[in-house]
Each structure stands twice: as C-alpha cells, then as structure tokens.
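Data block below; observations after.
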There are 2 protein chains.
Amino acid sequence: MTELEQYIKSYFGVVNADDLTTIVSLFNLTTIKKGDFLLKAGRRCDNLSFVQSGLLRMFISTDEKEITQWISTKGYFSTDLSSFVFETPSRLSIQALTDTEVYSITKADYKKIGELVPKWHELEKLFIVRCFIILEERIFSHLSMTAEERYDYFFENNRELFNQVPLQYIASMLGMTPETFSRIRKKQLL
Amino acid sequence: MTELEQYIKSYFGVVNADDLTTIVSLFNLTTIKKGDFLLKAGRRCDNLSFVQSGLLRMFISTDEKEITQWISTKGYFSTDLSSFVFETPSRLSIQALTDTEVYSITKADYKKIGELVPKWHELEKLFIVRCFIILEERIFSHLSMTAEERYDYFFENNRELFNQVPLQYIASMLGMTPETFSRIRKKQLL
DNA sequence: TTTTGCTCTTGACAAAAATCAAGAAATCAT
DNA sequence: ATGATTTCTTGATTTTTGTCAAGAGCAAAA
C-alpha cells in the first residue's frame with residue numbers, strides 16, 4: 001500500500017481495497033521546485049494536492065503584506081477549498097518552500113470518486129467536519145490566548161517545523177510580527 | 001412553505017418538495033426561555049437546532065472567563081458540531097439570550113435524512129464547506145486586522161445585533177475586552 | 001417608586017505587541 | 001569559498017490593547 005493510500009484510509013476510512021486503488025489511480029505525482037507556485041491567487045484552483053514530501057505555504061496577499069494562512073507538511077492535503085469546490089477565483093496562493101512532491105487530482109477526476117464510491121460524500125463530509133473543528137480551535141486560540149501562549153501551544157505540537165521553514169512564516173500564521181516572534185523565542189530558549 | 005423549509009432549501013438546495021417535507025417533519029419546535037441552556041459543556045450534544053426567533057450565544061468557559069464563540073440569530077443553525085457528529089462531550093455551551101424558538105432535530109432523526117434523501121450527504125458536505133470558508137475568513141481577520149478593523153468590519157455586516165445583545169458578548173466574539181470595544185465604539189460614533 | 005443588579009463607559013496606568021532601524025547570522029548562487 | 005541575499009535578532013520607541021477601579025445608565029424586580 002502506498003503512503004497516499006494509507007493517508008486516505010486514515011482520513012476517510014475507505015473500506016474497500018479496490019475502491020482505494022481506483023481513487024489513488026486518479027492522482028498524479030508531480031514535483032514543484034522550491035519557490036514555484038502550485039496555485040496563484042486570482043486563478044481557479046483546479047487541483048487538490050496531497051503532500052508526499054516537502055513543504056507548501058498557503059498565503060493571502062494584502063496591499064502591505066503576505067499573510068501566511070498555513071504551512072502544509074507531509075501528509076497534508078492542500079487546496080483553496082472555496083475555489084476548488086465552487087470554482088471561483090482563489091484568494092490563496094500556494095508556494096513550495098522546498099522542492100515538494102505532491103499527488104494531485106483535478107476537479108474533474110475528483111468528481112469521479114463521488115460517482116465510483118457510493119459512500120464517498122459521507123466520508124468526505126466527516127473529513128471536512130474535522131477540518132472545521134480544527135479551525136474552530138484556531139479561532140478560539142485568537143479569542144483567548146496571548147501571542148506567547150499561541151507560540152507555546154504551536155511549538156509543543158509542531159517542533160519539527162521550527163527548523164524547516166523561515167520563522168517569519170510561522171509568525172504570520174500565528175498572528176504576530178517576526179520581531180515579536182523572535183523575542184518570545186528568545187525567552188523560551190533560556 | 002414554512003420558513004424552515006425555505007432556509008433548508010437555500011442552504012442545502014434540496015430539490016424534491018416531498019423530501020423537503022419529510023426532512024422538516026423530523027424537526028420539533030421548542031422554546032427556550034431567556035437564560036436557559038440549549039447545551040451545557042461536558043454533555044453530549046444530541047441536537048441540531050435552527051433558530052426560528054430569538055438569540056443564542058455559544059461560548060466556551062475557561063478558568064478565568066467565558067469566551068463567546070458566536071451569536072446565532074434567526075436563520076442560523078446552532079450545535080456543537082464536534083459533539084453532534086462524533087458523539088463526544090461538548091466543549092461549548094449554548095444559552096438563550098432572549099426567549100428563543102428553535103426547530104430541533106435529534107442525532108438519530110438526523111441520520112434518517114441521510115437514508116431518505118440520497119443526495120443529502122453531498123448537499124451537507126457543500127453546506128459545511130461554506131461554514132469552513134467562513135471560519136477561514138474569520139481566522140484571516142485575526143491574522144491581518146487590528147481590533148478596530150475587526151469591529152468596523154463586523155459592525156458593517158451585523159448592525160442589527162448591536163442593539164439586541166449585551167455588547168460584552170460581541171466584544172468577546174471579536175477577541176477584545178469590553179473596555180476596548182467601548183472605546184472603539186465611542187470613536188466610531190463621532 | 002425604589003432598590004438591586006447588570007452593563008456600559010471612562011480614566012489612569014500597565015502590559016503586550018507593532019514599528020523602525022541597524023546589525024548579525026544564515027543561506028544561496030556563482 | 002566569496003559575495004550577495006535573505007532571514008533573524010536586538011534596541012529604542014510608539015501604538016494598541018488589557019487591567020483595575022469607579023461611576024453612570026438602564027432595566028428588571030420588589
């Protein structure tokens with residue numbers, strides 16, 4: 001069983017082995033060079049991508065700055081959900097922070113899964129509910145925690161990331177400036 | 001067509017009129033008195049409720065304070081999604097801010113909808129995707145805006161709410177103290 | 001009406017976080 | 001390896017937001 005199969009199984013709980021093989025066959029492995037874009041804001045996001053190796057940064061550009069929304073590591077799915085589902089122009093850009101291997105599926109092929117696997121929509125629903133809950137949690141962290149508490153919490157759960165990506169992106173993702181991030185970091189190292 | 005039918009149609013886009021009638025028949029209208037709880041944290045949330053009239057406040061209690069997560073007005077669905085879907089104890093409490101009429105459906109009856117209406121899981125998925133996108137938007141507001149900007153944005157889109165609920169709850173929902181809220185408010189009135 | 005709670009406002013002050021600017025450290029490309 | 005970028009740190013300062021405390025305004029209850 002490939003890693004993609006394992007991840008799909010653990011996220012969606014697909015039972016039938018044949019279905020799983022069919023689903024995975026609709027994905028294509030591609031490599032994105034460091035700095036290249038998997039998606040540029042304004043375009044329609046026609047892909048759902050699974051990170052096999054490497055790192056992807058999702059961000060939104062405003063007049064003044066880029067806001068990093070999330071960094072996807074191995075095992076994450078990455079897409080602009082709004083654009084992918086409703087076929088609207090995306091607000092997000094997705095850029096590779098290192099050479100990154102992704103398994104991608106087009107919207108057209110993704111639709112086929114729903115036709116092939118009767119239970120798919122239900123499994124998908126449960127998957128999205130889990131994503132929703134993670135976002136709720138994240139909102140709560142902004143309503144109830146200081147920058148330092150958010151740092152600590154994130155650090156405990158994502159240590160690996162801290163020596164793999166530019167820290168400014170993590171700072172942005174946590175809703176603080178690089179300077180504040182750096183000062184909190186210093187404090188925690190003592 | 002009842003209002004509940006209309007809202008379900010607009011949120012889920014159910015086509016068949018018979019299906020719609022069946023779905024709505026699974027909901028029960030009840031009234032919650034001002035101050036009473038629709039859900040208490042720690043219990044399992046066995047209901048999905050649709051606000052017909054009145055106001056519900058969803059909040060999470062921490063050691064020091066209550067964090068208002070959301071205020072549901074007429075036309076909103078309200079539940080602890082995590083608890084409702086995965087049948088875990090809820091973190092949220094839901095309390096009526098005024099006498100409130102809700103159409104409620106139990107988890108058991110909700111499951112029946114999926115059996116009765118073949119396309120239901122797909123429609124439900126699309127509904128949850130829309131909810132997901134709203135949360136993404138909200139996170140973005142915390143990553144990129146000041147308290148004042150969040151106030152302005154929320155005020156523009158929810159003026160009605162400002163003279164219907166204690167302002168401290170809106171303040172909490174926007175991630176600021178009542179004092180900060182009050183000062184921003186004063187500024188905007190001039 | 002008067003009392004009793006809330007809720008909201010205001011001021012003074014403290015703490016947290018942002019900004020600006022400069023320099024150090026790390027990384028990349030040649 | 002060397003120079004050029006980019007990223008990170010640090011200090012000084014300002015702005016934003018939170019805390020504490022007191023009082024005003026309102027609304028519900030007696």
Side-chain angles (χ1 to χ4, degrees), chain A residues 32-36 54-55 57 59 62-68 71 95-100 139-155 159 161-190, chain B residues 33-36 54-55 57 59 62-68 71 95-99 139-155 159 161-190:
Chain A
I32 306 154
K33 284 249 170 301
K34 175 172 179 171
D36 283 357
L55 294 159
R57 176 174 75 106
F59 65 93
T62 68
D63 315 329
E64 316 114 46
K65 51 188 172 179
E66 290 177 351
I67 309 290
T68 297
I71 294 166
Q95 187 180 28
L97 291 177
T98 61
D99 288 2
T100 300
I139 289 172
F140 180 71
S141 79
H142 283 280
L143 300 185
S144 66
M145 296 179 183
T146 62
E148 190 168 340
E149 289 167 331
R150 290 199 301 280
Y151 175 98
D152 288 345
Y153 186 78
F154 189 80
F155 182 71
R159 284 172 189 273
L161 213 56
F162 284 67
N163 39 39
Q164 289 180 17
V165 306
L167 299 176
Q168 54 179 315
Y169 297 142
I170 300 180
S172 173
M173 200 173 132
L174 294 176
M176 65 188 83
T177 60
E179 292 93 335
T180 296
F181 186 94
S182 175
R183 291 187 177 102
I184 292 172
R185 187 161 179 254
K186 187 182 179 186
K187 215 164 154 189
Q188 310 300 339
L189 291 174
L190 302 180
Chain B
K33 283 247 170 303
K34 175 172 178 169
D36 284 357
L55 293 159
R57 176 175 75 108
F59 66 92
T62 68
D63 315 329
E64 316 114 44
K65 51 186 173 179
E66 290 178 350
I67 309 290
T68 297
I71 294 166
Q95 188 182 26
L97 291 178
T98 61
D99 288 1
I139 289 173
F140 181 70
S141 80
H142 283 279
L143 300 185
S144 65
M145 295 179 183
T146 62
E148 191 168 341
E149 288 167 332
R150 289 198 301 280
Y151 174 99
D152 288 344
Y153 186 77
F154 189 80
F155 181 72
R159 283 171 188 273
L161 212 56
F162 284 68
N163 40 36
Q164 290 181 14
V165 305
L167 299 176
Q168 54 181 317
Y169 299 142
I170 300 179
S172 174
M173 201 174 133
L174 295 177
M176 65 187 82
T177 60
E179 292 93 336
T180 296
F181 186 92
S182 175
R183 290 187 180 105
I184 291 172
R185 188 162 178 255
K186 187 182 181 186
K187 216 164 153 189
Q188 309 301 339
L189 290 176
L190 302 180

Polar side-chain atom of [X] near backbone of [Y] as donor-acceptor pair, under 3.5 Å:
| X | Y | answer |
| --- | --- | --- |
| Asp99(B) | Lys33(B) | no |
| Arg150(A) | Met145(A) | yes |
| Thr100(A) | Leu55(A) | yes |

Given the side-chain rings of Phe140(B) and Phe59(A), with only the six-membered ring counted for Trp, is the space between their centroids under 6.0 Å?
no

* Step through it carefully: locate the ring centre of Phe154(B), locate the ring centre of Phe181(B), and say whether they are under 6.0 Å apart. =>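 For Phe154(B) and Phe181(B), the ring centres are not under 6.0 Å apart.
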
Whole-Å gap separating [atom2] ([N]) and [atom1] ([X]):
| X | N | atom1 | atom2 | value |
| --- | --- | --- | --- | --- |
| Met176(A) | dA16(C) | CE | P | 13 Å |
| Met145(A) | dA15(C) | CE | P | 22 Å |
| Asp152(A) | dA16(C) | CG | P | 13 Å |
| Glu148(B) | dA17(C) | CD | P | 19 Å |
| Leu97(B) | dT7(C) | CG | C1' | 13 Å |

Note: for Arg183(A) and Leu167(B) on DNA chain C, the residue whose nearest nucleotide lies more 5' is Leu167(B)

The answer to which of Phe181(B) and Gly175(A) contacts DNA chain C further toward the 5' end, by nearest nucleotide, is Phe181(B)

Regarding the side chain of Glu179(A), the nearest nucleotide among dA17(C), dT10(C), dA21(C) is dA21(C)

_Start and end of chain A contact along DNA chain D [non-hydrogen atoms, under 4.0 Å]_ =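 Range of nucleotides within reach of chain A: dT7(D) to dA12(D).
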
Taking Watson-Crick and G-U wobble contacts under 3.5 angstrom, with | marking pairs to another strand and [ ] crossing pairs, the secondary structure of DNA chain D is written ||||||||||||||||||||||||||||||

Considering only heavy atoms from C-beta outward, does the side chain of Leu97(B) approach that of Tyr169(B) to under 4.5 Å?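 Yes, at least one pair of side-chain atoms sits under 4.5 Å.
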
*What do you reckon, is CZ of Phe162(A) surrounded by more than 12 foreign heavy atoms closer than 6.0 Å?*
yes

Residue pair Thr68(A) / Arg57(A), side-chain donor-acceptor N/O under 3.5 Å:
yes

| task | Would you kindly compare Ala147(B) and Lys34(B) by the position of their nearest DNA chain D nucleotide and give the one closer to the 5′ end? | result |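 Taking each residue's closest nucleotide, the earlier one in sequence belongs to Ala147(B).
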
